[in-house]
There are 4 protein chains.
Amino acid sequence: MSTAPRTAPRTERGTRTRAKLIAAAEQVFATLGYHEASIVKITEAAGVGSGTFYLYFDSKQQIFDDLVEDLNRRVRNAMSTAASQETDRLAAERAGFRAFFGFTATHPALYRIIRQAEFVSPGALRLHYSRIVDGYIQGLQASQAAGQVRDMDPEVAAWALMGIGELIGMRWVLWEQAGADGTHPDVPEHVFEEMMDFINRALAPNGQLPAEGTQR
Amino acid sequence: MSTAPRTAPRTERGTRTRAKLIAAAEQVFATLGYHEASIVKITEAAGVGSGTFYLYFDSKQQIFDDLVEDLNRRVRNAMSTAASQETDRLAAERAGFRAFFGFTATHPALYRIIRQAEFVSPGALRLHYSRIVDGYIQGLQASQAAGQVRDMDPEVAAWALMGIGELIGMRWVLWEQAGADGTHPDVPEHVFEEMMDFINRALAPNGQLPAEGTQR
Amino acid sequence: MSTAPRTAPRTERGTRTRAKLIAAAEQVFATLGYHEASIVKITEAAGVGSGTFYLYFDSKQQIFDDLVEDLNRRVRNAMSTAASQETDRLAAERAGFRAFFGFTATHPALYRIIRQAEFVSPGALRLHYSRIVDGYIQGLQASQAAGQVRDMDPEVAAWALMGIGELIGMRWVLWEQAGADGTHPDVPEHVFEEMMDFINRALAPNGQLPAEGTQR
Amino acid sequence: MSTAPRTAPRTERGTRTRAKLIAAAEQVFATLGYHEASIVKITEAAGVGSGTFYLYFDSKQQIFDDLVEDLNRRVRNAMSTAASQETDRLAAERAGFRAFFGFTATHPALYRIIRQAEFVSPGALRLHYSRIVDGYIQGLQASQAAGQVRDMDPEVAAWALMGIGELIGMRWVLWEQAGADGTHPDVPEHVFEEMMDFINRALAPNGQLPAEGTQR
DNA sequence: AATGAATGAGAGTTCATTCAT
DNA sequence: GATGAATGAACTCTCATTCAT
């Protein structure tokens with residue numbers, strides 16, 4: 001009857017229990033998808049009683065939302081960390097995409113979970129994509145200010161880049177057989193280069209096409 | 001037809017009933033998603049008894065597969081029909097994307113359904129994307145042969161184009177509020193032009209970039 | 001809306017259709033049991049449309065009742081025909097049991113159907129057994145009048161005989177593997193003789209035990 | 001216990017709930033038969049929620065099998081307990097049959113359930129009869145060793161005794177109207193005596209038939 | 001804080017029966 | 001007389017959630 005959310009553990013033991021549940025949920029959702037995953041399966045994987053779940057989460061939806069939030073934060077972090085270590089615009093772009101594909105290869109769960117989010121948690125999907133796109137927009141605007149990207153609407157370009165990464169990653173990472181450790185291979189080199197060439201041409205200022213060597 | 005249950009009625013009335021069910025399923029799946037959609041909701045939307053469903057489909061899975069198949073066929077048809085009425089490569093590309101967005105606007109179900117397919121019907125998702133990409137590849141190869149597209153791997157470009165259309169369509173068609181008739185607005189003009197410009201630059205042969213000022 | 005039973009075909013074609021349905025029902029009920037048998041399976045086996053069934057039978061129950069009636073008539077007929085060809089009381093008894101086991105061996109359907117009758121068709125089971133027992137009672141009374149059976153309540157003895165035949169038949173006919181033609185083997189000779197000896201001793205007038213040769 | 005689902009509760013409350021379900025199933029199966037009995041009817045009779053059923057049993061089939069097992073164990077126990085308190089072979093036999101009819105009178109479910117087992121649970125029916133018959137065989141062999149039963153094949157005699165009890169019980173216990181408490185009357189005295197006389201004569205060693213006038 | 005037995009709404013599915021053709 | 005598409009009540013079974021312990 002209390003209106004307080006149940007998500008705040010008061011004791012240290014409680015904190016540990018909540019963490020076990022989140023970790024179990026990530027694994028179970030990734031393996032089975034949202035609907036096939038049941039609370040009992042999650043609590044069993046966490047090694048706690050089924051009733052315990054509701055001490056920390058209001059519903060199955062809520063733990064799902066928490067998970068999407070978590071994964072989104074991690075993929076953006078991976079991308080921005082990688083990009084920020086480069087000074088050149090082109091190198092930063094390459095590093096960002098490499099980080100994105102790397103995260104996809106090692107965390108296929110992200111992909112799987114996101115694809116279910118639209119109906120499970122209205123808004124979670126939009127938030128996920130919007131946040132990543134915001135990162136692209138900021139990068140593009142900075143590059144425009146430095147004269148390294150042509151004059152254009154950065155929002156449209158950002159969604160285009162997001163789409164390119166999304167489907168290339170789907171095709172050449174997720175669809176390739178995962179190894180025994182559940183990790184997929186990375187995008188093949190020539191595909192990555194073709195993709196970067198495609199993007200460079202689309203973004204380059206007039207008359208500043210990339211140097212011959214990389215154009216093929 | 002190869003997927004129909006043995007009991008599938010063969011009369012004209014039966015054909016009409018099956019069509020009503022497919023149309024209802026499209027609407028219900030699009031609105032509620034696969035898991036929230038129930039056979040009863042579909043049959044109610046179709047205006048038939050719940051048992052009637054099983055005269056035409058073996059399971060909820062099967063009508064889902066049939067629907068994916070159906071929508072895939074229709075969207076590819078819309079795209080190729082539109083593109084084939086243009087002789088110029090650029091015009092054909094524009095027409096193809098316009099048809100894609102138009103289909104998305106009037107059949108949001110396609111999008112929403114595909115996003116759920118990974119866990120629901122492994123294989124259907126891949127088939128859907130692969131078939132559309134095949135269409136892109138053929139178009140790109142023809143344009144390459146005509147010297148209108150630069151030398152490049154058409155498969156990578158095709159997946160990039162697919163991704164661009166996918167996310168631009170998601171952002172500017174599906175995420176925009178649908179009207180009373182359930183139809184979403186089309187992509188705004190300037191977004192469409194920015195996108196086409198992006199693509200043109202990515203595909204244009206060296207030295208054949210559209211002249212400044214005539215691009216829009 | 002008419003109160004007339006639908007079981008009376010008016011034309012010759014109707015007579016044939018009804019017969020096809022009865023034959024199909026016997027086969028389907030025997031194979032699948034009452035509840036697993038569906039009207040559609042029966043009509044398919046009969047080669048008619050499913051709606052046709054209700055031109056001749058009011059319900060699934062009714063055709064079942066008709067079948068029980070039919071099988072009961074046939075097994076009693078087999079038994080009494082066999083017995084009536086013997087003049088000696090002992091020989092008649094032996095012939096009756098032989099006929100009973102023979103019918104069981106070639107029509108295992110009877111057994112299977114009867115075992116389901118109690119809940120399917122209240123009264124059918126009682127009628128079946130009562131009628132057979134009535135035959136035994138009449139035989140016993142005649143033998144008593146001839147001094148060939150001791151003074152006793154023929155009704156109790158009749159039910160005892162029925163039970164003996166029932167379980168010996170179950171154990172040594174039905175439980176033995178049927179051949180390729182669906183026919184079970186007959187009761188082994190020594191079992192039959194042991195059983196007849198058992199019965200003879202139970203029924204024989206005091207001091208008139210069967211001759212040494214048949215006692216073992 | 002070996003047939004319990006993995007989720008079967010282990011607390012004392014759980015034990016009580018399981019017992020309530022088994023008792024309810026006995027009553028419902030006896031009244032309605034296997035096919036008319038539904039899980040909901042059983043759980044309603046047990047006074048628990050319908051989902052509770054599946055905490056204790058995997059399916060309707062399983063509770064049926066468990067019930068057959070349970071009733072079989074109890075009827076054999078009642079029979080052997082009664083018989084073992086008598087030293088005289090004849091008295092033991094009488095006590096065994098009395099116990100059998102008494103069990104039938106208070107647990108008509110056993111009878112009704114067994115009759116349905118053939119199609120419902122192949123094997124359960126055979127096991128039930130075989131186990132009871134095994135008890136008869138052992139008793140007969142012991143009596144033969146003591147010279148109280150004539151030389152004969154005890155297996156055939158055992159099945160004959162089983163059949164006699166089966167049909168006499170059906171006719172004079174089950175077919176007689178049950179009282180308000182659901183319990184049927186016992187076999188009438190003169191029927192019981194006639195039956196015992198029938199059996200005694202069938203089993204008695206040559207020359208040891210009970211003397212006239214002292215048989216009843 | 002933790003438990004797990006209990007719940008009941010709702011899922012997918014079947015089939016005896018009806019009725020327009 | 002014959003058909004078979006259509007029906008809907010009833011089935012078995014699942015699972016997110018509650019609550020007494």
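Residue numbers begin at 1 in each chain, while the letters A, B, ... track the order of the sequences.
D/R10 has its CZ atom 10 Å from the P atom of E/dG4, to the nearest Å. Per the geometry, CD belonging to D/E12 stands 12 Å off P belonging to E/dA6, to the nearest Å. One interatomic measurement links the two molecules: CD of A/Q62 to C1' of F/dA16, which rounds to 14 Å at whole-angstrom precision. Taking atom CD1 on B/I63 and atom P on E/dA11, their separation rounds to 16 Å, with Å as the unit. Atom CD1 in B/I42 sits about 11 Å away from atom P in E/dT13, given to the nearest Å. As rounded to whole Å, 8 Å separates atom C1' of F/dA6 from atom OH of B/Y56. In this structure, C/D58 places its CG atom 9 Å from P of E/dT17, rounding to the nearest Å. In this structure, the CD atom of D/Q61 is 15 Å from the C1' atom of F/dC13, given to the nearest Å.
Listed by first and then second residue, the salt bridge (charged side-chain N to carboxylate O under 4.0 Å, His left out) pairs involving residues 109-122 of chain C are C/R112-D/E118, C/E118-D/R112 (not counting sequence neighbours). Every pair passing salt bridge (charged side-chain N to carboxylate O under 4.0 Å, His left out) that includes a residue from residues 19-34 of chain C is listed here, sequence neighbours excluded: C/E26-C/R74.
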* To do: Apply side chain to side chain contact (heavy atoms under 4.5 Å, CB included) to the pair A/V75 and A/L71, showing each step before the final yes or no.
  => CA-CA 6 Å; A/V75 71; A/L71 287 167; over 6 Å; no
* Go through C/L127 and C/N72 one step at a time and tell me if the side chain to side chain contact (heavy atoms under 4.5 Å, CB included) criterion holds. => CA-CA 9 Å; C/L127 202 56; C/N72 177 261; over 6 Å; no
* Would you sort out whether A/F57 and A/I22 count as a side chain to side chain contact (heavy atoms under 4.5 Å, CB included), showing the intermediate values? => CA-CA 10 Å; A/F57 303 96; A/I22 281 275; 3.9 Å; yes
* Structure fact -> Given Watson-Crick and G-U pairs under 3.5 Å, DNA chain F in dot-bracket ([ ] crossing, | other strand) is .||||||||||||||||||||
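Comparing atom distances between the A/V48 side chain and each of E/dT3, E/dT17, E/dA2 picks out E/dT3 as nearest. Side-chain proximity of A/L55 to the nucleotides E/dA2, F/dG1, E/dT17 is greatest for E/dA2.
A heavy atom closer than 4.0 Å to some atom of DNA chain E occurs in C/A37, C/S38, C/I39, these being the qualifying members of residues 33-41 of chain C.
In terms of modelled atom types and a separation under 3.5 Å, the side chain of B/T17 and the main chain of B/R13 share a donor-acceptor contact. Here the side chain of A/T11 pairs a donor or acceptor atom with the backbone of A/G14 at under 3.5 angstrom. The backbone N or O of C/D58 lies less than 3.5 Å from a partner atom in the side chain of C/Q62, making a donor-acceptor pair.
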Check: residues 30-40 of chain D side-chain donor-acceptor pairs under 3.5 Å, at least two apart:
from: D/T31; atom 1: OG1; to: D/Q27; atom 2: O; distance (Å): 2.7
from: D/Y34; atom 1: OH; to: D/Q61; atom 2: N; distance (Å): 3.4
from: D/H35; atom 1: ND1; to: C/H35; atom 2: ND1; distance (Å): 2.8
from: D/S38; atom 1: OG; to: D/K41; atom 2: N; distance (Å): 3.2

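Across all non-hydrogen atoms, the minimal contact from A/P108 to A/G182 is CG-O, 4.0 Å.
Two residues are said to be in side-chain contact when any heavy atoms from C-beta on lie closer than 4.5 Å; B/D70 and B/D66 fail this criterion.
In terms of phosphate contacts, C/S50 brings no side-chain nitrogen or oxygen within less than 4.0 Å of OP1 or OP2 of F/dA5.
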Contacts under 3.5 Å, N or O only, protein and nucleotides 19-21 of chain E:
none

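Two residues, A/F53 and B/G47, neighbour DNA chain F, and the one matched to the more 5' nucleotide by heavy-atom proximity is B/G47. Of the two residues near DNA chain E, B/S59 and C/K60, the one whose nearest nucleotide lies more 5' is B/S59.
Using a 4.0 Å cut-off between charged side-chain N and carboxylate O, A/D65 and A/K60 make no salt bridge.
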